Amino acid sequence: MIDPKLFRTDPDKVKWAVQAKGVEVDVDAIVALEEARRDCLYQVEQRRARKKEISKQIGAAIGQARKEGRDLTPEQAQAGFQHEQDALDTEIADLEAQLAEAEAAFEQRLLYVPNLPADDTPPGLTEAENVEMLAWREPGRFLFEPKPHWELGVDLGIIDFEAAVRMSGSQFVLTKGLGALMERALIAFMLDLHTRHHGYLEINPPFMTLDKCLIGSGQLPKFEEDLYRLREGPYLIPTAEVPLTSLHLGEIIDADRLPLCYTAYTPCFRSEAGSAGKETRGMIRVHQFHKVELMKFCKPEDERAELMKLVDDAEAVLKALNLPFRRMRLCAGEMSFSAAEAYDLEVWMPGMGKYVEISSCSRFTDYQARRLNTRYREGQGDKPRFVSTMNGSGLACGRTFAAILENYQQEDGSVIIPEALRPHMGGASHILPG
RNA sequence: GGAGAGAUGACCGAGUGGUCGAAGGUGCGCGCCUGGAGAGCGCGUAUGGUCGCAAGGCCAUCGCGGGUUCGAAUCCCGCUCUCUCCGCCA
């Protein structure tokens with residue numbers, strides 16, 4: 001969440017942010033709730049202070065009497081205060097109810113307020129306003145008509161949509177043979193790259209998570225319908241971002257440990273509500289896919305630089321696989337709810353004839369850290385401050401798999417295996433039809 | 001799933017109704033001492049909220065949520081988690 005104080009100190013900035021992201025939030029109503037909350041709090045605290053004072057006096061009187069050897073029962077000590085205490089009790093009970101209501105309403109609304117975009121975020125609400133930062137490698141020229149990956153994969157016998165749909169329903173996919181091996185190789189390759197060369201620590205987290213973590217990273221309460229929930233229990237993770245971001249829930253981290261860089265492979269489960277019929281061909285949009293995620297905790301002042309390094313780390317995978325891509329800076333409205341600054345990497349898909357998102361890298365300022373209460377301490381005696389969090393795909397494996405098929409296809413329908421993956425595939429160099 | 005034990009500050013650990021936000025220790029910071037280091041000595045060391053220009057005041061927090069009481073770390077109820085034993089299991 002954003003700093004609740006902003007509603008008092010700079011409500012216009014919040015209004016600007018909400019509008020920039022194209023979100024419907026009544027900021028004035030939240031400001032009013034916050035004021036009501038504070039007013040109640042003051043009233044309650046004043047009465048509680050008086051109550052405590054009386055109790056202390058009673059305690060002191062009893063103690064004093066005991067010291068002097070007099071006999072003073074608690075009832076006698078309390079006698080003169082009874083009336084005032086009763087009055088206070090009634091008032092406090094009443095005010096506390098009001099306070100709880102105001103607080104709950106305020107906090108509830110706060111969860112629906114998105115993060116503030118960075119000041120230099122390109123304005124806009126749609127994909128068309130995203131800004132291309134760089135393009136790496138021209139899309140390859142083909143002397144034949146390149147096929148989309150769903151045709152290639154099926155023809156090569158390494159993807160089986162029908163079997164997956166039969167056993168699990170629409171928008172599931174299954175790989176087999178060299179296809180399954182290549183997916184596994186991609187995971188291993190990406191993890192090796194990030195751990196050995198980019199300094200990330202590998203994490204193998206649970207694939208189920210509690211709602212507090214989903215609230216922490218910003219998926220809940222707003223995007224409940226996108227998630228799979230186990231019967232009355234935890235949810236299946238929609239991305240490794242959730243467990244990774246929750247790694248230091250409630251902790252205060254020593255500053256000299258920062259930045260903390262983590263990478264994790266996990267499957268991702270998404271209901272993709274509302275996307276039925278949209279781009280459903282192939283393995284681009286499915287309910288379950290593999291992803292290697294990158295995630296960092298750092299100090300606020302390092303956040304921007306760390307994000308750019310993280311984007312580089314994600315791009316390194318595409319470069320190592322020699323896949324043409326471009327880097328897009330997302331406009332305000334295209335960024336996720338919790339993000340302040342975001343870049344998408346889009347890989348060229350010759351068979352589909354377009355760029356497809358394969359990584360999304362965002363930084364979240366203290367938005368997630370505030371919800372998860374993850375802080376750091378600069379030095380002994382310093383106040384803890386919220387850490388900055390960021391993450392990015394490095395990369396989505398299914399889409400990378402599809403991109404390899406499409407970019408490495410040959411006229412005879414075979415696919416060359418990228419050099420970088422061969423050590424992970426027992427040295428295989430081609431996937432041949434038949 | 002069954003039985004038992006436990007959860008206190010960065011850490012260890014005291015505290016079973018009354019100035020307890022919490023003894024003592026460790027760690028850490030500052031100072032003294034020293035040629036220097038160590039030892040020793042002194043002082044200081046939670047978080048959040050709220051009011052205040054500030055100094056500081058006030059409120060909350062001893063796993064979480066309720067209750068009893070004028071007053072709860074301490075008593076009662078529910079929950080969560082950890083540990084031990086039993087059962088089951090990849």
Side-chain angles (χ1 to χ4, degrees), chain A residues 1-9 30-107 110 204 206-213 215-216 230-234 243 246-258 260 267 366 369-387:
Chain A
M1 65 185 85
I2 62 170
D3 186 346
K5 287 200 185 85
L6 275 179
F7 290 98
R8 225 183 310 159
T9 57
I30 301 179
V31 171
L33 277 172
E34 205 279 332
E35 271 169 18
R37 180 190 71 93
R38 214 150 22 97
D39 186 52
C40 269
L41 186 63
Y42 175 73
Q43 300 290 334
V44 170
E45 287 191 349
Q46 242 187 358
R47 285 161 181 76
R48 280 209 280 242
R50 175 61 189 151
K51 237 191 122 176
K52 269 180 94 158
E53 196 186 323
I54 293 172
S55 281
K56 279 192 180 178
Q57 278 181 28
I58 293 172
I62 295 172
Q64 186 66 26
R66 201 173 293 152
K67 210 183 288 173
E68 295 170 3
R70 284 186 290 118
D71 215 27
L72 183 69
T73 64
E75 289 72 23
Q76 289 169 329
Q78 191 207 344
F81 297 109
Q82 188 69 61
H83 189 70
E84 185 180 0
Q85 284 175 326
D86 289 347
L88 285 170
D89 280 341
T90 319
E91 286 173 22
I92 289 173
D94 192 43
L95 285 163
E96 272 181 341
Q98 282 181 44
L99 179 64
E101 201 174 308
E103 245 164 16
F106 176 64
E107 275 161 25
L110 198 53
N204 191 190
F207 303 154
M208 300 178 204
T209 189
L210 298 174
D211 50 4
K212 66 178 169 185
C213 300
I215 290 171
L230 301 162
R231 188 187 295 273
E232 294 305 306
S246 306
L247 219 42
H248 298 292
L249 191 144
E251 279 184 40
I252 298 175
I253 302 165
D254 288 336
D256 55 17
R257 290 177 62 203
L258 298 173
L260 287 165
D366 60 1
R370 203 177 281 280
R371 289 186 175 200
L372 290 161
N373 198 24
T374 300
R375 292 170 295 171
Y376 76 99
R377 200 194 301 274
E378 192 61 57
Q380 202 70 31
D382 287 333
K383 286 223 156 220
R385 299 164 68 197
F386 288 111
V387 297

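Note that the coordinates shown come from a computational prediction; the quantities given were computed from them, not determined experimentally. Quick note on labels: first sequence line is chain A, next is B, and so on, each numbered from 1.
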State, yes or no, whether a side-chain contact exists between [X] and [Y] at a heavy-atom distance under 4.5 Å.
| X | Y | value |
| --- | --- | --- |
| A:Leu33 | A:Phe7 | no |
| A:Leu99 | A:Arg37 | yes |
| A:His248 | A:Val387 | no |
| A:Lys51 | A:Asp89 | yes |

Would you mind reading off the distance between [X] atom [atom1] and [N] atom [atom2], rounded to a whole angstrom?
| X | N | atom1 | atom2 | value |
| --- | --- | --- | --- | --- |
| A:Phe81 | B:C70 | CZ | C1' | 10 Å |
| A:Gln57 | B:G71 | CD | C1' | 13 Å |
| A:Glu84 | B:G71 | CD | P | 14 Å |
| A:Glu103 | B:G48 | CD | P | 17 Å |
| A:Phe386 | B:U47 | CZ | P | 13 Å |
| A:Lys51 | B:U69 | NZ | P | 10 Å |
| A:Leu99 | B:G49 | CG | C1' | 11 Å |
| A:Glu378 | B:C28 | CD | P | 19 Å |

Can you tell me how far apart [atom1] ([X]) and [atom2] ([Y]) are? Round to the nearest 0.5 Å.
| X | Y | atom1 | atom2 | value |
| --- | --- | --- | --- | --- |
| A:Lys212 | A:Leu372 | NZ | CG | 9.5 Å |
| A:Thr90 | A:Arg47 | OG1 | CZ | 11.0 Å |
| A:Leu41 | A:Glu103 | CG | CD | 7.0 Å |

Base partner of [N], which must satisfy Watson-Crick or wobble distances under 3.5 Å:
| N | answer |
| --- | --- |
| B:G71 | none |
| B:G63 | B:C79 |
| B:G21 | none |
| B:C43 | B:G29 |
| B:G87 | none |
| B:C58 | B:G49 |

Neighbour count above 12 (heavy atom, 6.0 Å) for A:Glu251 CD
yes
RNA chain B: 5'-proximal contact among A:Ile58 and A:Arg37 (nearest heavy atom):
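Counting from the 5' end, the first nearest nucleotide belongs to A:Arg37.
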Select from A:Asp86 and A:Arg375 the residue whose nearest nucleotide in RNA chain B is closer to the 5' end of that strand.
A:Arg375
With rounding to the closest Å, how many angstrom separate the [atom1] atoms on [N] and [M]?
| N | M | atom1 | result |
| --- | --- | --- | --- |
| B:A73 | B:A46 | C1' | 16 Å |
| B:C33 | B:G17 | P | 48 Å |
| B:A72 | B:U19 | C1' | 15 Å |
| B:A22 | B:G65 | C1' | 22 Å |
| B:A3 | B:A90 | P | 25 Å |
| B:C64 | B:U74 | P | 11 Å |
| B:G25 | B:G6 | C1' | 22 Å |
| B:A10 | B:U47 | P | 8 Å |

Between N or O atoms, less than 3.5 Å apart, protein on one side and nucleotides 51-53 of chain B on the other: list the pairs.
| from | atom 1 | to | atom 2 | distance (Å) |
| --- | --- | --- | --- | --- |
| B:C51 | OP1 | A:Arg38 | NH1 | 2.9 |

Residue list, salt bridge (charged side-chain N to carboxylate O under 4.0 Å, His left out) with A:Glu96, at least two apart or on another chain
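Per chain and number, A:Glu96 pairs via salt bridge (charged side-chain N to carboxylate O under 4.0 Å, His left out) with A:Arg48.
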Nearest non-hydrogen partners of A:Phe81 and A:Ile54, listed with the distance
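It is CG-CG2, 3.5 Å.
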Not counting sequence neighbours, which residues clear side-chain hydrogen bond (donor to acceptor under 3.5 Å, both in side chains) with A:Gln85? List them please.
A:Gln78
Qualifying residues under side-chain hydrogen bond (donor to acceptor under 3.5 Å, both in side chains), relative to A:Glu84, sequence neighbours excluded
A:Arg50
Determine whether a donor-acceptor pair (N or O, by modelled atom type, separation under 3.5 Å) exists between the side chain of A:Arg371 and the backbone of A:Ile215.
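Present.
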Check: A:Asp254 side chain, A:Asp256 main-chain N or O, donor-acceptor pair, under 3.5 Å:
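No, A:Asp254 side chain to A:Asp256 backbone: no donor-acceptor pair under 3.5 Å.
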Which parts of nucleotides 58-67 of chain B does protein reach within less than 4.0 Å, heavy atoms only, written one letter per nucleotide 5' to 3' as B for base, S for sugar-phosphate only and - for none?
BBS-------
Check nucleotides 7-13 of chain B against the protein and report each pair of N or O atoms closer than 3.5 Å, with its distance, or say if there are none.
none

Please state whether the phosphate of B:G18, meaning OP1 or OP2, lies under 4.0 angstrom from any side-chain nitrogen or oxygen of A:Lys56.
no
Considering only side-chain heavy atoms of A:Lys383, which listed nucleotide, B:U19, B:G48, B:G49, is closest?
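Among the listed nucleotides, the one closest to the side chain of A:Lys383 is B:G48.
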